J.: 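I'd like to ask you about the structure that follows.
Convention: sequence-line order gives letters A, B, ...; per-chain numbering from 1. Just so it is clear, the model here is predicted, and its values are computed rather than measured.
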Amino acid sequence: METPIRLDIVKGILPAIQDPYSAEVGYEAMSLLDSSGIALRPQGWQMKIASLKRGGVWGDSPLHDGRQLIASARGNVVETLRCTVSNHELHQRQAIVKRLQHFMVAAERQSTTGYQIEPVYLALQAACTKAEQFALIYTISIDNTTDPFDLTSNWDFDLAIEREPAWRMVVPPGGNPRLYHFWKQGKVPGVDFDYTDMSLYEGTDHFHYETIYNRHEWDNADYLTPLAKNYIDIAAEDIPGDAPALITLAVGAVSLLGWQVHIAQSTKPITIYDRDGDQINQANILNAGDCDTGGLITKSVDGCGVYSNNSVANRYVGTYSMPASTTRTDLITWSRLNGATGTRVFELNLNRGTYAAFLRCKQTSGAAGDVEVRLSMTEGDGLNILTLDYQAMPIVAAAVGCAKRFDALYLGRFSIPLGGRSVQSFDGRGLAVGDRNSGGGNIILKLTVRNNNAAIRTTEFLDLILMPVDEAYCVGLEISSSVTSKNFMFDNTGYLMHGEVLDIAQSGWQANPDPIYQIDQHTIELRGQIPQLTPGVNNRLYLFNRAYLTNAYYSAAGGADADWDMTVRLNIIPRCYGIAEVEPNP
Amino acid sequence: MSIPAHWLHIYQRPAQGNQFIVRKQAFSYQHQKLAVGGDDTMDCDVMVKPIEGELALENWVGCRVAVFVDNPWEPVWEGLITRVYYSAGLLTISRSIDEMFNQVETTYQPSGSTFPGHSTTHNETDSQAIYGVKSGLVEGFATQSNPTAQMDAIRDLVLTQVAWPLTTVTQAASDVGVMRIEAKGFYHTLKWDKFFINSSVTAVIKTHITNVLSNLANGNTFINNTDVSDVQANTAYQVDESSRTGKTVWQMLQAVQGGGDGSAYWVMGISRTNPLTGTRRFYYRPARTDVYYTARTQDGLRPRTVYGGLVRPWLVEPDRTIRVQDILTGWSGRGIDPRETYIESIRYIADKQQVTWAGADDLHMQGALQLHRYYKMIDTTFGAVPRQSWT
């Protein structure tokens, strides 16, 4: 390997640029390219690439040929750096070795204790690259391969450094992920930005900044353009590297007492063309107002609904008065045609995957369990059927205005297609795609509702939300709070954990403005794994919110209002398994 | 395909509240589920720093735990932490509520009486306020014809000894920083409660179950004991609600469940926490015998849907039928289809990404299934030695 521009062992996190009152202390670095200290020997290092941990998990049977890979994960990498110390003074040689041991102990204690919070990491800038890259160190072994009492010869050391599997590009462990965005823009620290520009939950100059909504509505002109959406798209060319990129995602929320923020990732194609070239775009929310016509549901104009039913002038909800002790199969069907335009709203291969389904609905009176609903799906000619279990509809009393008008009922999870991961067509043209404008669907979703009570029950439906669970899906749960206007922060970069590798979610707000500028924040329950962006492909992150009505950990009467907006600020740390190839914009 | 991490989410002990405490990544994870009962056992390792391990030893036993994998909205397993092992180099410390009983009474055979007698109940209320009521019934062997004082003394001694979680220290080298967690499903809390009804009253099954649940000593601590919406009506016969020998609530319910409806097998258990209401409930319903899973020998029996789609092994549930598709192809003979197994229990091992299932005839599970069967064959015996009568 050609001699790098920089190769250091570093401990600690640098203060924010020009921050006069930084609480960060303990930053120190030791160069491994210092001819008066310790230096890499010529050809002293061949960088390794992370390999499959334990060779992967395989499904194997002695009765059949071959075996199948079931699971794979990358293991840590042990780099061997052959270094030399050529200083003529014994005490200076010893000082160098002691310093190495200091980093060794610090690295071990950062993993094994609760009090050593400074990350220890390798900092590398390879020759002919524009970006520095960093990797958290777990252990350092120091092997003196020459006689330590011989001062006439160099002391040769083999350093065995166990590091995390992937290198972080531009931003060190524990560093503020916004640094990558500024670096990519070619901004100079201290000139173009300083510590006052580093907020992760304020401002607009982030890797991705957007206001989205707790609903999805199509422009009825083409059903390709969303009027309101619940996702953000990150383009493939914006995610460099070959290892998944880490993220810090801030979600600014409206004022409520308690919160659940759902985030799900998909890298599947978001658009597809049918056999005669008509485009179909993907959304993970199916509105009741866009369900098939001819069903039992009534599409009612309602200011608390969503634009649907081929209209951008009126908002709709689905309503139905359930007769006593009845079951209504196919109460709502989404498949072939929506409204009057004949535009397909749900296409099998565009929506393949595994989903957690939430139905925003309610019964307006009665007792829990009076009305139950379940989801089923059929493929193709309708002979393959998968049916989920019945779930009791939430009871939401008459609301004031549109606040907390519906709650989100979890219906279960399902995968489509029902067999395999995709459906190829008999026509020999690859993926099967149904025609956008004609009848006949390749996937049909249906809601069946039953009233177990001997009285009529009024039911309302807003939409069906499908959160993909097969890539990454997480939920942050805020228990209760008397504070309004919070921000949620989801972080797997290690910034919030001061360099510790751990997914974390926190809730925070600005308790006092300038000049006191106090932020109150605390850790909340995080379920699942925070997405890591797949490099080189388009990534979509879906968001969805539900709230509590009371200061209880669970509330039987929650809300999931469609008119909530969410301000999303995303920053990333791209990663690579080898040499960092990313460059700032010209 | 990468396997998502398995996460343990630990919450307060149900008797104390429902707040989230901490989440830990689980290693060497495995769980077992039963058709009768639901989530049964779970064990795994978590990594802790030394001080964290000591705090966990003190604070985690009895806590509710939910395991999440790829779907953060629906846990794959849920229950209570019953035992923790903390490894500290040359020794392992284990703390458990398995042998803890904070409510004790004794039962014995009084001289000349047709029915068993029992002492009054004594409680360690401080322990109950933390862990819930865990009731123990001591089988007393009287050494005199009027053993009341003796039985009371036995009761009080046992309560003193076992009213709190018990600790064991083992001198054995082990990995530092590894904490082993063992947990049991919520249905086990129905074994914490005993039942005495001295008068003979018959009732339809659903009424009987409703009465049993509404009188739980733990009330709605572990389940919503007033929610019987998932208890289906079984009109095949009525039951005598009396119980004079101090069966546990679970045994009372097994006596009903084991009888089915004369033609179909019925199952029961505790559902997982409803994310909207935050409560769990008891279910009693006919077994689901339709084929739900399939498997093929050619890929190591990985579970699939009936349409061939792979099922993640951590999602496989009992109370379903699985059919092996590539043996005895075309079989349509008499009797039970040999390709099909009604799944009585499953065991999932995360490190191998493997799930094994057992039917009623599985010899390896025979012992465990006998423990779960109320009506056993005559030549197998479990439990305390039968009481002797004084004449």
J.: With a 6.0 Å cut-off (strictly less than), is the heavy-atom count around NZ of B/Lys352, excluding the residue itself, greater than 12?
T.: no

J.: Looking at A/Asp389 and B/Arg288, does any basic side-chain N land under 4.0 Å from a carboxylate oxygen?
T.: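 Salt bridge present between A/Asp389 and B/Arg288.
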
J.: Return the minimal non-hydrogen interatomic distance between B/Lys49 and A/Thr112, and the atom names on each side.
T.: CG-O, 3.5 Å

J.: Got a salt bridge between B/Asp351 and A/Arg54, using NZ or NE/NH1/NH2 to carboxylate O under 4.0 Å?
T.: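 Looking at A/Arg54 together with B/Asp351, the answer is no, because their closest N to O distance does not fall below 4.0 Å.
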
J.: Can A/Tyr355 and B/Asn71 be counted as having a side-chain donor-acceptor contact under 3.5 angstrom?
T.: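 Judged by distance alone, the side chains do not pair up.
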
J.: Can you say whether A/Ala408 sits under 4.5 Å from chain B via the side chain, the backbone, both, or neither, judging by heavy atoms?
T.: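 It is the backbone, since no side chain atom gets that close.
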
J.: Find the distance between CD (A/Gln68) and CZ (B/Arg302) and round it off to the nearest 0.5 Å.
T.: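 Those atoms lie 5.5 Å apart.
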
J.: Go through A/Tyr410 and B/Glu74 one step at a time and tell me if the side-chain contact (heavy atoms from CB on, under 4.5 Å) criterion holds.
T.: CA-CA 9 Å; A/Tyr410 177 64; B/Glu74 192 173 16; 2.5 Å; yes

J.: Using 0.5 Å steps for rounding, measure from the CZ atom of B/Phe68 to the CG atom of A/Leu526.
T.: 10.5 Å

J.: Heavy-atom cut-off 4.5 Å, strictly under: side chain, backbone, both or neither for A/Asp503 against chain B?
T.: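 Both parts, backbone and side chain.
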
J.: Does any heavy atom of chain A fall under 4.5 Å from the side chain of B/Leu301, the backbone, both, or neither of them?
T.: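 Neither part.
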
J.: Look at the side chain of A/Gln529 and the backbone N and O of B/Ala5, then say whether any donor-acceptor pair between them is shorter than 3.5 Å.
T.: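 The answer is yes, because a donor-acceptor pair under 3.5 Å joins these two groups.
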
J.: How many angstroms lie between atom CD1 of A/Ile524 and atom CZ of B/Phe20, to the nearest 0.5 angstrom?
T.: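 Separation between the atoms: 9.5 Å.
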
J.: Checking B/Thr305 against chain A: side chain, backbone, both or neither under 4.5 Å from a heavy atom?
T.: side chain

J.: Which atom pair, heavy atoms only, marks the closest approach of B/Trp7 to A/Gly528?
T.: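 It is NE1-O, 4.2 Å.
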
J.: Kindly compute the distance separating CG (B/Leu315) from CZ (A/Arg413), expressed to the nearest 0.5 Å.
T.: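 With rounding to 0.5 Å, CG (B/Leu315) is 4.5 Å from CZ (A/Arg413).
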
J.: Look at the rings of A/His262 and B/Trp73 and say which category their plane angle falls in: under 30° parallel, 30 to 60° tilted, over 60° perpendicular.
T.: tilted

J.: Supply the atom-to-atom distance A/Thr354 OG1 to B/Arg312 CZ, rounded to the nearest 0.5 angstrom.
T.: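 One finds 6.5 Å between OG1 of A/Thr354 and CZ of B/Arg312.
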
J.: At a heavy-atom separation under 4.5 Å, does A/Thr113 approach chain B through its side chain, its backbone, both, or neither?
T.: backbone

J.: Go through the atoms of A/Ser111 and report whether side chain, backbone, both or neither lie under 4.5 Å from a heavy atom of chain B.
T.: backbone

